Trainee: 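One structure follows; several queries about it will come next.
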Number of protein chains: 2
Amino acid sequence: MDLKALAAHLNLSATTVSRALNGYSDVSAKTRQRVVEAAQALGYQPNPVARSLAMGRANAIGIVYPLEADDVADPRFLQVVSGLTEGLMEVNMDLLLASATHKGELDTYDRLVHGRRVDAFIVARTLCQDERIDYLQQAGVPFLAYGRSADCQAYPWFDFDNEAGSVLAVARLAGLGHRHIGYIHASLHYNFAHQRHAGFLRGMAEAGLPVASQWLLQAGLARRSGYQAMMGLLDQDQRPSAVIVDNNLAGVGAVRALLDRGIVMGRDISVIVYDGIPPDTLLTQHITSVVQPTQHRTGKHMATLMSRLLAGGHPLSELQMLCQPELQAGDSDGPAPG
Amino acid sequence: MDLKALAAHLNLSATTVSRALNGYSDVSAKTRQRVVEAAQALGYQPNPVARSLAMGRANAIGIVYPLEADDVADPRFLQVVSGLTEGLMEVNMDLLLASATHKGELDTYDRLVHGRRVDAFIVARTLCQDERIDYLQQAGVPFLAYGRSADCQAYPWFDFDNEAGSVLAVARLAGLGHRHIGYIHASLHYNFAHQRHAGFLRGMAEAGLPVASQWLLQAGLARRSGYQAMMGLLDQDQRPSAVIVDNNLAGVGAVRALLDRGIVMGRDISVIVYDGIPPDTLLTQHITSVVQPTQHRTGKHMATLMSRLLAGGHPLSELQMLCQPELQAGDSDGPAPG
DNA sequence: CTTACTTACCAAAGCGTTTTGGGTTATCAT
DNA sequence: ATGATAACCCAAAACGCTTTGGTAAGTAAG
């Protein structure tokens, strides 16, 4: 059932049917209704390929998932993607998933852009200095960054207010009387780690607390490294009375280290972890956490930004979105000793 | 740079250029070379949308990821997907990712098929009785199942020989002198669980061992349920001397239960887990496991099957692929006591 | 009753490929 | 020389839609 067939069936021209379906004003209300009903009844669905060709738009956006060697795929990514597909579906767009090793990523962009397979990209896992963003900007390809890079004035992005999250966490601990606060973070090349780190420093400053460099530990994005970092912290002569961990993978390891040492969270030491601890780790305590909107909502927000971006005519301010995190109280923190 | 421009630049017709590029025999070697070189030099890339329209193919395959309420997205899925995209890239196809709740899944298929957005589907997370497969078969839509359903004669699939894997595991334990073997499995609605379960029974029969129904426990696909199942096993009057767990999520929980009880794997009890235990669980032992080809290779295999499927003309036998698992020895099993 | 404007419709020209169904030269045996 | 066969090449149609640039009828104003 194509346009022409539908038009013939209605004794109308293809033009009119097309315009009726696409909401043009030069078709009478009566005719439009007739067309819409017939389309419904006959199960007409426009061929998206023909549509794309005629309109010069792919009606699809691309996302390339960077696959590093042993960097285990993170489940949240998939959840964001699912929110994204759902949101895009509403504006009749598709999501094209490509994958590429880090070094091949730019080529992949090139191929997809050049081949007009997609109208825009989503750049995930943003780094502070991100060559992908530089490339896309310079190539004039529309894109939406999931996470800001260091210089984020000039392009559309979606991000969490990571800095505010850390400030929140520090304020909570300071309010409980803690003066010795440790911080375990991921590589500062990641924008989120950088921002959270900056927030930690600011929070400490605002609370009038000194930052002890020996309690500022870098870990990776893996449990093992969180475990080691926490162990390193515990082995020091002077321990902090509270610790913040900037990602939940390392958080799991850190918590595990405390369990192994028989240190009780909330009593012996206070712990706050970004994004909490996955529920199936068999942990009985509730970790006090900095939480963000669900991945699913995140995906939908990004879909909204994306459709604005492609519609054009929106000022940059409407193409940038900052989500505020919240502090979710648990029982892994408590008043400072003494 | 489109075909016509390239043709003009070469003083050839668009037809000839097209045919040269697509390997038709009615163009001279000399001309072909000239065309190929010019295309290369001028960076010509055919417009895939126009191509699709002309050929009546979308050059994309769809995969819909079922998102259940609390069923956390599994990381392996993403890895399979990445292998898939890589493999598809080589045959110039794209991967369209859609997501749907279980009940909306059929509608999603309908929309994508009807809208000719994809040429075929991949059906993931196959169940023993899978209505999606029934639907696609009956609708005449080409698809490739990732995992067989109960009746798998008539359609293309990729799967592991799950039954053989269990037989392998049982044989190993039997060889170590174990006569009392427990089995923890996921819901038998999942094809993989069903097959592994069948393999367990067969393996026991072949080893001449009795199957004790109180040691045959169903758990879910989560750590907590594996934990509970193992605890249930340990609390019985008569304990098995060895246990097989049919998936690694439950496996993590089961192992954790043993740790909590102070039971030493390989000495007090032997344990074999399908797909092993993720390396970042801070476990010092190596779990003896039934392992399968990496997700990445799996994805590439599926891409191969897919391109065969769409090329047409392949007998069903070449569209079905069964991968053999292997037993990877660790130190979580040992000779039976006594 | 013109003139001008509005409303409702449509024919035809794209969009960038592939495919069909010839053509035009050479080549070659007769 | 002549018809047949191959080897190359091409114009035009098709794919299913959107968009452009109209036309014809109805309406309002002069």
Side-chain angles (χ1 to χ4, degrees), chain A residues 1-36 38-39 42-60 92-94 112-119 310-311, chain B residues 1-36 38-39 42-60 92-94 112-119 310-311:
Chain A
M1 165 88 343
D2 60 351
L3 230 210
K4 228 184 300 183
L6 181 59
H9 178 263
L10 285 164
N11 277 328
L12 286 173
S13 73
T15 306
T16 303
V17 174
S18 169
R19 299 184 78 88
L21 257 18
N22 291 317
Y24 279 71
S25 63
D26 63 350
V27 33
S28 72
K30 192 177 301 182
T31 307
R32 164 166 296 126
Q33 191 186 345
R34 219 160 59 88
V35 170
V36 169
L42 301 182
Y44 167 75
Q45 283 204 263
N47 179 322
V49 175
R51 201 155 210 274
S52 289
L53 182 60
M55 305 203 302
R57 288 181 43 165
N59 287 313
N92 248 288
M93 303 204 68
D94 290 313
L112 292 179
V113 172
H114 216 106
R116 286 177 212 92
R117 283 175 143 89
V118 300
D119 299 317
L310 290 179
Chain B
M1 168 85 342
D2 60 350
L3 232 209
K4 230 183 297 183
L6 181 59
H9 177 263
L10 286 163
N11 276 330
L12 285 172
S13 74
T15 305
T16 303
V17 175
S18 170
R19 299 183 77 90
L21 256 19
N22 290 316
Y24 280 71
S25 62
D26 62 350
V27 32
S28 71
K30 192 178 300 181
T31 306
R32 165 166 294 127
Q33 191 185 347
R34 218 158 61 86
V35 170
V36 169
L42 300 182
Y44 167 75
Q45 284 204 262
N47 180 323
V49 175
R51 201 156 212 272
S52 288
L53 182 60
M55 306 202 303
R57 288 181 45 166
N59 287 315
N92 247 287
M93 303 204 69
D94 290 313
L112 293 180
V113 172
H114 217 107
R116 288 177 210 91
R117 284 175 143 90
V118 300
D119 299 318
L310 291 178

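These numbers come from a predicted model, not from an experiment. Residue numbers begin at 1 in each chain, while the letters A, B, ... track the order of the sequences. Any value given below was found using the heavy atoms of this structure, including those in side chains, with hydrogens, waters and symmetry copies removed.
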Trainee: Taking only N and O in the side chain of B:Arg19, is any of them less than 4.0 Å away from OP1 or OP2 of C:dT18?
Mentor: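 Checking B:Arg19 against C:dT18: no side-chain N or O falls below 4.0 Å of OP1 or OP2.
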Trainee: Nearest heavy-atom pair of A:Arg57 and A:Met93: which atoms, and what distance?
Mentor: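 So the minimum-distance heavy-atom pair works out to NH2-CE, 4.2 Å.
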Trainee: For A:Gln45 and D:dG16, give me the distance from atom CD to atom C1', rounded to whole Å.
Mentor: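 The distance from CD of A:Gln45 to C1' of D:dG16 comes to 14 Å, rounded to the nearest Å.
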Trainee: How many whole angstroms separate atom CG of A:Asp2 from atom P of D:dT18?
Mentor: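 These atoms are roughly 12 Å apart.
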Trainee: OP1 or OP2 of C:dT18 versus the side-chain N and O atoms of B:Ser18: is any pair under 4.0 Å?
Mentor: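 Looking at the OP1 and OP2 atoms of C:dT18, one of them is under 4.0 Å from a side-chain N or O of B:Ser18.
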Trainee: Using the side chain to side chain donor-acceptor pair (under 3.5 Å) rule, take A:Arg51 and A:Asn92 through it: C-alpha gap first, then chi angles, then the decisive distance, then the call.
Mentor: CA-CA 12 Å; A:Arg51 201 155 210 274; A:Asn92 248 288; over 6 Å; no
Trainee: Taking only side-chain nitrogens and oxygens of B:Tyr24, does any of them come within less than 4.0 Å of OP1 or OP2 of C:dT19?
Mentor: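 For B:Tyr24, the contact criterion (side-chain N or O under 4.0 Å from OP1 or OP2 of C:dT19) is met.
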Trainee: With nearest nucleotide decided by heavy atoms, which residue, B:Ala54 or B:Asp26, maps closer to the 5′ end of DNA chain C?
Mentor: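 Nearest-nucleotide comparison on DNA chain C picks B:Ala54.
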Trainee: What is the distance from CG of A:Leu53 to P of D:dC17, rounded to the nearest Å?
Mentor: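 Answer to the nearest Å: 12 Å.
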Trainee: Roughly, in whole Å, what's the span from CG in A:Asn22 to P in D:dT19?
Mentor: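 Computing the A:Asn22:CG to D:dT19:P distance gives 7 Å.
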Trainee: Where along residues 7-17 of chain A does a heavy atom come under 4.0 Å from DNA chain C, residue by residue in number order?
Mentor: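 Here the set is A:Asn11, A:Leu12, A:Ser13, A:Thr15, A:Thr16.
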Trainee: Report the distance from atom CZ of A:Arg57 to atom C1' of D:dT19, rounded to the nearest whole Å.
Mentor: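 From A:Arg57 CZ to D:dT19 C1': 15 Å.
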Trainee: Please list, by residue number, the residues of residues 29-36 of chain A whose heavy atoms come closer than 4.0 Å to an atom of DNA chain C; answer none if no residue qualifies.
Mentor: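 Going residue by residue through residues 29-36 of chain A, the ones with a heavy atom under 4.0 Å of DNA chain C turn out to be A:Thr31.
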